[in-house]
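Heads up: the structure comes next, in structure tokens.
Everything numeric here is computed off the predicted structure, so don't read it as measured data. Just so it is clear: chains get the letters A, B, ... in the order the sequence lines come, proteins before strands, and each one is counted from 1.
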Number of protein chains: 2
Amino acid sequence: MNSRKRATIYDIAKELNISPSYVSKALSSHESVSESMRQRVREKAEQLNYKHNSRAANLRRGQSRTIGVVVPHINQSFFSDAISGIEEVCFANNHSLVICQSHESYEKEGKAIETLIHQNVDCILISNAEETASTDHLRQIAKNKIPVIQFDRCLDAFDSFKVINDNKAVSYEAVRSLIREGYRNIAFLGGPDLVKIFRERKEGFIAAIAEANLSIPYNFIIDNVLSRERANQAALPLLRLPNRPDAIFTVSDLQSLGVMDAAAALGITIPSQLGVFGFADETFSQLVTPSLSTIDQHSAELGRKAAELYFQRIYQQDEMPKTETVVIASEIRIRQSSRRQ
Amino acid sequence: MNSRKRATIYDIAKELNISPSYVSKALSSHESVSESMRQRVREKAEQLNYKHNSRAANLRRGQSRTIGVVVPHINQSFFSDAISGIEEVCFANNHSLVICQSHESYEKEGKAIETLIHQNVDCILISNAEETASTDHLRQIAKNKIPVIQFDRCLDAFDSFKVINDNKAVSYEAVRSLIREGYRNIAFLGGPDLVKIFRERKEGFIAAIAEANLSIPYNFIIDNVLSRERANQAALPLLRLPNRPDAIFTVSDLQSLGVMDAAAALGITIPSQLGVFGFADETFSQLVTPSLSTIDQHSAELGRKAAELYFQRIYQQDEMPKTETVVIASEIRIRQSSRRQ
DNA sequence: TTGTATGCGTTATCAC
DNA sequence: GTGATAACGCATACAA
């Protein structure tokens, strides 16, 4: 695919009988270059269809002006919304985005990180895979002097910038709203306990339950059932219990879908016999019937914030700043699935 | 952020008292390097935490091993699924992905392309913005000797590899299924007429109508209403007509949602009084009530195919191959919204 | 088997 | 104002 090579500053220099370095300065509008010369160079560049090669420039500069992103799946609303926000900020700052997906696998996550290190990215934004139970891969990044920003699914065993929602507070709000609707026997379906956000959501749940002086049978709190299928498998036995839950709070919308499947299979009506509350406000949540009560994480905003953190706090900073955790406010969206009236 | 620099082959060479170029060969397991030396180099590399800098290597090689992707929005199922497929293939071929979104704007699309050219990407995969009515931006890419592969939203005024669905055939099938269900007065909500896929979907619609000897009032075919809102605005007056349509075929699921909104607003029941058929099989389509009949485009497969086209037909080829259009079979998914019984 | 020289396209430094 | 030179990190043709 090399029919002919692209024009370089050497070509422009030759045509204009000036030196390549001077062309470079002219193109970057260096002060020491007269306006008339800048003009001449620009015209010749246009004429030769010259395009600046940013990778060569970045090699020279010792940067890549590229941000790496690792997410479990790019085709889940939460992540694609977040990436969308990240892309906007990066684009506005003349940086580009290299995206990898881990498919929730720790091994693939490690490979993706390896690739990004080879690519010499300036920063890595990561939301960890469900499977990830070690911080070795993150330490690997740090070992290569690449700053890490975790978002949403953060491992607190690794110190880095983090962008998350006010998970505990909003979960507390959600469960309170269930209690206000008259639900009394509320179960919880969670995610991997290593991931802080899932622990926090559980804490919020427990706080609301405790505050209302309700009791939770030990088997009403089930961790590590993050997918629709696994939540379904967890909900079925729960809903077959003599003293079955009258509401279920889950840490993702997909899990709520699994609960709804289970309820349908057992002929249990939502919301009258069973309240359901999800998390993430996926596109489908307001479209299912009954529409799903959930939590809007403002994911695009979360992505934007993560990227901005790089540009404001790390980029062009001399030393590594003290890490920090940014909290993005989220909102409960009460819909039919948790409204008894 | 330059606390200390990363190790290079020079560092390894110095430590081992051999030449840098020899290190390079040893690391790439060149034949002329003894196994014992390879081993020594590898160990030292490991020890110094050396990471291959692929951007420097690629600069030397005159490639970037990077594919650029431009889509309207990365957070729409169809596109994120397609990108997911593209990513898989690229990752398997040791290439990385730079992703830009046009937000359906021609101007942003052009800027994204400009960025990708600067980035020196080896190929650009693009699905054009709704607004795009010129092929200038694509010619700009070609002018820079970068191969273009259009997918889904292709402009046929620009000759390039293209990957699309069997739009006409599957639309024909979809409309036939509506007719089979007894719908007789079927309207069409389309996209921009410049984009081939939308024209083809219309052609399929017309073919089925013609075959069944049904007539279509001139105002039952409405182009260029691609979003939920615009489809809603188009559907409302249509459904207020004395001789209103008893079914509507749209070229996207979001449009169908707009139609459903309109029907709900006017108290028209789906599917008994109005059949609705969408396109794309977005995640939500099987979750809405009534569930939406639609067309599964096999978008991940479509993305994979687009990427494979690059690796199989363009990458490492001496001359630009003759372009070609690849058709990905799609399938109709008949659900409640178009089933009268 | 090992090493040398050169260049990829740019920019920063210094000299004129 | 303008230009020569080195360097970014690597790979390759060529020499030994």
Practice item. Take B/Leu59 and B/Val33, find for each the nucleotide of DNA chain C with the closest heavy atom, and name the residue whose nucleotide sits nearer the 5' end. Key: B/Val33
Practice item. Look at the side chain of B/Gln63 and the backbone N and O of B/Asp122, then say whether any donor-acceptor pair between them is shorter than 3.5 Å. Key: no
Point to revise | Contacts of type side chain to side chain contact (heavy atoms under 4.5 Å, CB included), residue A/Ser54, not counting sequence neighbours | key: A/His52, A/Asn58, B/His118, B/Gln119
Review point. Are any of the side-chain nitrogens in A/Glu43 or A/Arg40 under 4.0 Å away from the carboxylate oxygens of its partner?
Key: no
Review point. Pairs in or reaching into residues 65-94 of chain B: which pass salt bridge (Lys or Arg N to Asp or Glu O under 4.0 Å), with residues at least two apart or in two chains?
Key: B/Glu88-B/Arg304
Point to revise | Distance below 4.0 Å between B/Ser34 side-chain N/O and C/dT2 OP1 or OP2 | key: yes
Practice item. Please round to the nearest 0.5 Å and tell me the distance separating atom CD1 of A/Ile126 and atom CZ of A/Phe151. Key: 8.5 Å
Check your understanding: Which residues, if any, of residues 39-49 of chain A bring a heavy atom under 4.0 Å of DNA chain C?
Key -> none
Point to revise | Rounded interatomic separation in angstrom, taking CD from A/Gln119 and P from D/dG9 | key: 16 Å
Point to revise | Those residues of residues 10-26 of chain A lying under 4.0 Å from DNA chain D by at least one heavy atom | key: A/Asn17, A/Ile18, A/Ser19, A/Ser21, A/Tyr22, A/Lys25
Point to revise | Atom pair distance, as rounded to whole Å: NE2 in B/His52 and P in D/dG9 | key: 13 Å
Revision key, fill the gap. Whole-Å distance, A/Glu31 CD to C/dA12 C1', equals 14 Å
Study note, to complete from the structure: Taken to the nearest whole Å, NZ/B/Lys51 to C1'/D/dC10 is 17 Å
Practice item. Starting from C1' on C/dC8, measure out to CD1 on A/Ile9 and report it in whole angstrom. Key: 12 Å
Name every donor-acceptor pair, under 3.5 Å, that has one atom in a side chain of residues 24-31 of chain A and the other anywhere in the protein, sequence neighbours excluded.
{"unit_1": "A/Ser28", "atom_1": "OG", "unit_2": "A/Ser24", "atom_2": "O", "d": "2.9"}
{"unit_1": "A/Ser28", "atom_1": "OG", "unit_2": "A/Lys25", "atom_2": "O", "d": "3.3"}

**Study point:** Length of the line joining B/Glu35:CD and C/dT1:P, which is rounded to integer Å
**Key:** 11 Å
Study note, to complete from the structure: Rounded to whole Å, CZ of A/Arg55 lies from C1' of D/dC8 at a distance of 15 Å
Practice item. Please list, chain by chain and in numerical order, all residues satisfying side chain to side chain contact (heavy atoms under 4.5 Å, CB included) with B/Lys44, sequence neighbours excluded. Key: B/Ile12, B/Glu15, B/Leu16, B/Gln47, B/Leu48
Check your understanding: Just wondering, more than 12 heavy atoms not from A/Glu35 lying within 6.0 Å of its CD?
Key -> yes
Point to revise | Nearest-angstrom distance from the residue atom CD of B/Gln63 to C1' of C/dG9 | key: 16 Å
Review point. Taking atom CG of B/Leu138 and atom OG1 of B/Thr132, what is their separation to the nearest 0.5 Å?
Key: 8.0 Å
